[in-house]
2 protein chains.
Amino acid sequence: MGNENFVFDKYLISKGLKLTKPRKIILNTVFATHEHFNVDGLYDKIRKKHKDVSRATIYRTIPLLIESGLIKQSLRCLAKDHYEHTYGHSRHLHLICEKCGKIIEIESKEAESILNKLAKKHDFKIREFNIGAKGICNNCKK
Amino acid sequence: MGNENFVFDKYLISKGLKLTKPRKIILNTVFATHEHFNVDGLYDKIRKKHKDVSRATIYRTIPLLIESGLIKQSLRCLAKDHYEHTYGHSRHLHLICEKCGKIIEIESKEAESILNKLAKKHDFKIREFNIGAKGICNNCKK
DNA sequence: AATGAGAATGAGAATTAATCTCAATACCAA
DNA sequence: TTGGTATTGAGATTAATTCTCATTCTCATT
Ligand SMILES: [Mn+2]
Ligand SMILES: [Mn+2]
Ligand SMILES: [Zn+2]
Ligand SMILES: [Zn+2]
């Protein structure tokens, strides 16, 4: 059990919110792996163990996880929003295969530093980078 | 009237599709300005002049405009897909203000060349770049 | 341990962007 | 002009996300 529990707890307290059982379950399931996830997949995974957590609560908890800095909205695929950890992960960019859905994650500060330079020139304060590309992965090229 | 008409016409012919009145209206409205657009805004704009173009036809025409290389899917904002011209525009990245919605467009090949390098290393064929950041613009910083 | 006020929940309804269906119409080569 | 095909508008449908609300949980205070 990693520190994400402390982070989340601290956030909830700071906002006068309560650490409930469904929120614990959702948090722990989200951090059970390092994979990207979407609501549907998360719901199925949770439901195997806990028949009493609703979709509504998952949808309500995700903004809290984002606000607390644990996850972020990552990408959109098949008309679904996808999320990924920020806590415990350094920033990275994505190469997304449009054929098989595979996501290649690459750490690289170079592109970010270019964006930082451009943002400074325009007096723009960056909150979140969005860097990547879509195309075809090596496997799908045959 | 720019060359987008020729491009679109040529594409339609090559696919055995027909250049219809609604398609002309949609194309011309899309290229009446250089702004990003979404289906709702486009529909309203078209409807002021032409009461007989349906939302369904707009939704059906957008993939054709994309396929013909005239526009591309750009960004997602307020739960709506947004599009922008590719024809007549060089590639650029976006700084999106989360407060006022303002979009700053910047031409810069630097970030792309870094992505190209990384993609080559992973034997990944890029079809479309996605480079930008979200944050707060200079006006909204007060 | 019991209380109570406010926060959180599950179930299902509501919203809404995007897609689909289908009968009627427009297009265009011949 | 005609005929075969593509296209259309209207409305139904889908599906992700959000909302409503009556009931249940949390937790600081007793
Ligand atoms: Mn990732
Ligand atoms: Mn743009
Ligand atoms: Zn692939
Ligand atoms: Zn702004």
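Residue numbers begin at 1 in each chain, while the letters A, B, ... track the order of the sequences.
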Inset, instruction - Verify the contact: side-chain N or O of A:Arg23 to OP1 or OP2 of C:dA8, cut-off strictly under 4.0 Å; return yes or no. - result: yes

Inset, instruction - To the nearest Å, give me how far apart OH (B:Tyr83) and P (C:dA17) are. - result: 12 Å

Inset, instruction - Send over the distance from B:Ile13 CD1 to D:dA6 P, rounded to a whole Å. - result: 15 Å

Inset, instruction - Examine C:dT19: is either OP1 or OP2 under 4.0 Å from a nitrogen or oxygen in the side chain of B:Tyr59? Give yes or no. - result: no

Inset, instruction - Calculate, to the nearest 0.5 Å, the distance between atoms CD1 and OG1 belonging to B:Ile62 and B:Thr57 respectively. - result: 11.0 Å

Inset, instruction - Could you tell me whether the side chain of A:Arg23 reaches within less than 4.5 Å of the side chain of A:Leu12, counting heavy atoms only? - result: yes

Inset, instruction - Round to a whole Å and report the spacing from CG of A:Asp40 to C1' of D:dT17. - result: 11 Å

Legend entry - Lys/Arg-Asp/Glu bridge criterion (N-O < 4.0 Å) met for B:Glu107, B:Arg91: no

Inset, instruction - Given side chain to side chain donor-acceptor pair (under 3.5 Å), test A:Tyr43 with A:Arg47 step by step and report yes or no. - result: CA-CA 6 Å; A:Tyr43 179 75; A:Arg47 274 301 180 119; 3.2 Å; yes

Inset, instruction - Determine whether the side chains of A:His82 and A:Glu35 contain a donor N or O and an acceptor N or O closer than 3.5 Å. - result: no

Inset, instruction - Mind calculating the distance between CG (B:Leu42) and C1' (C:dA18) to the nearest angstrom? - result: 15 Å

Inset, instruction - Check the side chains of A:Glu105 and A:His34 for a donor-acceptor pair under 3.5 angstrom, ignoring hydrogens and angles. - result: no

Legend entry - DNA chain D base-pair string [pairs: Watson-Crick or G-U under 3.5 Å; |: paired with another strand]: ||||||||||||||||||||||||||||||

Legend entry - NZ/NE/NH1/NH2 to OD/OE distance under 4.0 Å, B:Asp52 and B:Lys21: no

Inset, instruction - Taking the six-membered ring for Trp and the single ring otherwise, decide whether the centroids of B:His36 and B:Tyr83 are under 6.0 Å apart. - result: no

Legend entry - Close residues, residues 46-54 of chain B, relative to DNA chain D [heavy-atom separation under 4.0 Å]: B:Arg47, B:Asp52, B:Val53, B:Ser54

Legend entry - Plane angle bin for A:Phe8 and A:Tyr11 - parallel if under 30°, tilted between 30 and 60°, otherwise perpendicular: parallel

Inset, instruction - For nucleotides 20-30 of chain D, just jot down a letter per nucleotide in 5' to 3' order: B, S or -, based on protein non-hydrogen atoms under 4.0 Å. - result: B-----BS---

Legend entry - Interatomic distance, B:Arg76 CZ vs C:dT16 P [rounded to whole Å]: 14 Å

Inset, instruction - Send over the distance from A:Asp81 CG to D:dA15 P, rounded to a whole Å. - result: 17 Å

Legend entry - Euclidean distance, atom CD1 of residue B:Ile58 to atom P of D:dT7 [Å, nearest integer]: 17 Å

Inset, instruction - Determine whether A:Ile26 and A:Ile13 fall in the same hydrophobic cluster, where Ile, Leu, Val, Met, Phe, Trp and Tyr are linked whenever their side-chain heavy atoms lie under 4.5 Å apart. - result: no

Legend entry - Whole angstrom value for the distance that separates C1' of C:dT19 from CZ of B:Arg55: 14 Å

Inset, instruction - Would you give the length of the straight line joining atom OH of A:Tyr87 to atom CG of A:Leu65, rounded to the nearest 0.5 angstrom? - result: 13.5 Å

